[in-house]
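These notes are about the structure you will find just below.
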Amino acid sequence: MSEPRPHLLKVKNLKKYYAARQGMFGDGSGTVKAIDGISFHIEQGETLGLVGESGSGKTTTGRVILRAVEPTEGQVLFRLNGGGITDFTALPKQALRAFRRNVQMIFQDPYSSLNPRMTVRDIIAEPLVVSGLAKGSEIDDRVRQVALRCQLNIEHLRRYPHAFSGGQRQRIGIARALVVNPKFVVCDEPVSALDVSIQAQILNLLMDAQQEFGLTYLFIAHDLSVVEHVSNRVAVMYLGRIVELAPTSKLFYQPLHPYTEALMSAIPDLDPDRMMQPKILEGEIPSPANPPRGCHFHPRCAYAQEICKTTVPEFKEYKPGQFAACHFADQLQLQGALKSN
Amino acid sequence: MNTNSLLEIQDLRVSFPLDEGTVQAVAGVNLAIQPGQVLGIVGESGCGKTVTAQSLLRIIPPPGRIDGGTILFRSSKQSGNGKDENIVDLAKLNPKSEMMRRIRGNEIAMIFQEPMSSFSPVHTVGSQIMEAILLHQDLSKQAARERAIEYMRLVGVPGAQDRMDDYPHQFSGGMRQRAMIAVALSCNPSLLVADEPTTALDVTIQAQILDLMRRLQQQFGMAVLFITHNLGVIAQIADHVAIMYLGQVVEQAPVREILRHPKHPYTMDLLRAVPRLGKTAGQRLVAIEGSIPSPLQRPMGCPFHPRCSKMIPGVCNTHVPQWVALNEIHSVRCVLYEPNAPTPNLEPANVRAASTLA
Ligand SMILES: Nc1ncnc2c1ncn2[C@@H]1O[C@H](COP(=O)(O)OP(=O)(O)O)[C@@H](O)[C@H]1O
Ligand SMILES: Nc1ncnc2c1ncn2[C@@H]1O[C@H](COP(=O)(O)OP(=O)(O)O)[C@@H](O)[C@H]1O
Ligand code: SF4
Ligand SMILES: [Mg+2]
Ligand SMILES: [Mg+2]
């Protein structure tokens with residue numbers, strides 16, 4: 001085990017509620033609790049993976065942390081380079097702009113996340129210009145430097161993004177995020193839309209850049225093999241709440257939450273002799289506008305008891321570094337995706 | 001055609017003449033499926049998986065056209081004295097012909113990535129399953145309704161009876177996929193073509209659909225052509241696997257053989273490039289360099305040569321590798337396995353061309 005590292009980010013009881021879009025059948029009343037009171041920290045230089053089915057609140061978590069949308073409640077605290085603590089959620093406008101360069105985002109869809117009317121050079125330069133970090137020829141020097149680092153062809157800086165493949169576009173997106181020398185990057189499904197042979201290139205680039213520039217990542221993905229590959233620790237979300245958070249190998253060998261177990265049982269193994277035996281989850285994912293009472297997971301949980309229907313399980317530490325929100329976390333013997341032998 | 005095969009595709013070529021140039025979507029595909037077998041087709045986007053599937057059913061969208069090759073299909077018709085079997089070349093049929101329509105509806109069925117597109121939004125799911133049943137089976141309306149409910153149960157739609165009168169948009173993605181499978185099964189096909197049926201689904205739902213398809217495939221004894229880009233999915237569902245790259249099948253073999261003893265450099269590289277649980281954590285992956293070429297600029301020679309770690313200059317960039325059967329179950333398209341591959345033509349022009357493409 002490595003030394004505990006200082007925390008770069010602390011998220012405290014974060015919530016984001018949306019007014020529900022009126023459902024087609026009039027059942028979408030009230031609010032969508034996209035994220036509903038989540039707390040965690042990320043150590044400096046580590047990658048925290050964030051997984052969960054679609055609609056569980058992963059993207060919203062990333063966006064609220066970067067204040068791309070304002071939280072309904074809760075705090076996001078940063079501590080850069082072991083300096084003072086910045087309450088990012090409370091920063092006034094002026095200070096917010098200056099602080100923003102430290103935190104960047106890489107998006108899922110390399111096809112729609114780049115402005116089609118800007119040249120690649122201008123796309124990469126934009127965060128530099130906006131933050132006022134560089135001027136004149138400094139800008140071009142820095143753009144060239146970061147483009148090269150992301151293995152983009154310098155000749156191509158004058159072109160428009162439509163001329164590029166998905167992998168090249170994702171490199172442009174990464175160059176744009178890295179151009180301001182950020183400390184923290186939210187990677188929202190950065191390889192989900194890419195072909196297998198291109199995925200590996202981008203994962204390598206992200207991991208190399210992390211080493212080289214001491215970056216800290218929140219890495220959102222639904223592919224658990226990818227998450228296991230890149231993450232030091234992993235958080236599992238279900239309907240707006242974190243249900244388990246643990247060091248990667250603990251989570252994959254011995255999960256403590258039934259939902260984690262169900263997710264892992266569904267990973268299609270590359271070994272045909274390890275036939276997937278999916279724990280079939282009962283029913284459908286409920287709407288976040290109308291989540292079940294008690295433990296959100298209880299209607300689909302194979303281990304649910306009476307208490308699960310009424311009482312929200314506390315999110316607490318059961319083993320060193322391993323947190324879970326399940327009434328029976330210390331009693332169940334669950335199967336992970338990996339087995340020790 | 002092999003005496004056992006249900007389907008055999010030989011040297012199939014399909015192109016789309018566009019204003020910008022001609023796209024060789026399928027550039028010499030060879031593959032075979034035995035009755036009751038699940039053949040997985042894997043390949044990256046644009047390699048021609050969907051167009052290959054569309055060719056079987058003769059539903060290639062315009063301006064696409066079949067330029068050559070054969071698609072031999074063992075068609076069987078129930079007649080008074082048992083089954084009448086005959087071998088049809090689907091590539092030669094008129095897409096609108098009686099025969100093609102009969103095969104499409106009765107013997108080969110297809111399901112897609114987005115089931116919404118194959119359902120009419122203005123009719124209930126139940127009525128659409130009934131319609132499919134009435135097309136193939138001589139039943140009264142009432143009996144067809146009962147049969148439709150049976151199929152909905154079979155594919156695991158909870159509360160099948162009540163959900164008969166729901167519209168497609170009231171179904172979740174996973175449930176729509178189940179309903180589409182019900183429609184496909186209603187004709188009891190000998191071949192089911194499934195084009196990325198789980199790609200749009202969450203992994204938990206994907207696992208359920210794979211589970212369902214595996215059970216139904218055994219129950220109905222049909223062959224399945226299962227298209228996906230996910231190697232894990234292939235490992236879980238397929239008996240045999242065909243790996244495609246830029247419009248060609250570059251390797252076909254039984255699933256264990258291909259995953260454990262891949263022969264084609266592309267297959268080997270692809271298997272090295274994916275993160276593996278418990279094996280690659282924290283390490284760099286062995287990536288395949290470069291990107292997939294534009295279909296308008298197909299490389300000369302072997303289409304994989306600009307990215308291939310085993311490329312032989314003067315051969316791979318000039319000579320199109322032939323489809324070679326290594327044994328009865330394993331075939332590959334790469335000069336490394338070609339008994340009569342040309343010796344390297346190391347004229348400076350060839351070597352230069354190879355290095356600039358790489
Ligand atoms: N701008 C918005 N307005 C209303 N609801 C939203 C908005 N953004 C997200 N949601 C809802 O919040 C929930 C979580 O969404 P999201 O964070 O995108 O999930 P994930 O990234 O895990 O798929 C979903 O139910 C989604 O529909
Ligand atoms: N309707 C069409 N018009 C023009 N080109 C097409 C059409 N359909 C497919 N193609 C081209 O044919 C090639 C193979 O496509 P496709 O079979 O859809 O690939 P895959 O399913 O493997 O992703 C691609 O280059 C694609 O651009
Ligand atoms: S609290 Fe109850 S319902 Fe929730 S995961 Fe644990 S056992 Fe299942
Ligand atoms: Mg998302
Ligand atoms: Mg396709």
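Chain letters run A, B, ... following the sequence lines, proteins first and then strands; every chain starts at 1. Keep in mind that this is a model prediction, so the values were computed, not measured.
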Between [options], which shows the greatest number of heavy-atom pairs under 4.5 Å with chain A?
| options | answer |
| --- | --- |
| B:Ser45, B:Gly174, B:Ala273 | B:Ser45 |
| B:Ser294, B:Ser291, B:Gly282 | B:Gly282 |
| B:Pro158, B:Ala238, B:Ala207 | B:Ala207 |

Heavy-atom proximity to chain B below 4.5 Å, by part of [X]:
| X | value |
| --- | --- |
| A:Leu194 | neither |
| A:Asp208 | side chain |
| A:Val230 | neither |
| A:Ile198 | both |

Taking 4.0 angstrom as the limit, do [X] and [Y] come out as a salt bridge?
| X | Y | result |
| --- | --- | --- |
| A:Glu53 | A:Arg300 | yes |
| B:Glu251 | B:Arg333 | no |
| A:Arg149 | A:Glu212 | yes |
| A:Asp269 | B:Arg276 | no |
| B:Arg256 | A:Asp273 | yes |

Max heavy-atom pair count under 4.5 Å with chain B, selected residue of A:Leu338, A:Thr47, A:Asn204: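 Looking at each option in turn, the highest pair count goes to A:Asn204.
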Any idea which of A:Ala200, A:Ala266, A:Pro272 has the most non-hydrogen atom pairs under 4.5 angstrom with chain B?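 Ranked by contacts with chain B, first place is A:Pro272.
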Heavy-atom contact with chain A under 4.5 Å, split by part of [X]:
| X | answer |
| --- | --- |
| B:Gln208 | both |
| B:Arg272 | neither |
| B:Leu210 | side chain |
| B:Leu259 | side chain |

Test your reading of the model: is there a side-chain donor-acceptor pair from [X] to the backbone of [Y], 3.5 Å cut-off?
| X | Y | value |
| --- | --- | --- |
| B:Arg176 | B:Phe171 | yes |
| B:Asn230 | B:Val233 | yes |
| A:Ser231 | A:Glu228 | no |

Hey, are A:Tyr303 and A:Glu261 close enough side-chain-wise for a donor-acceptor pair under 3.5 Å?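 Distance-only check passes for A:Glu261 and A:Tyr303.
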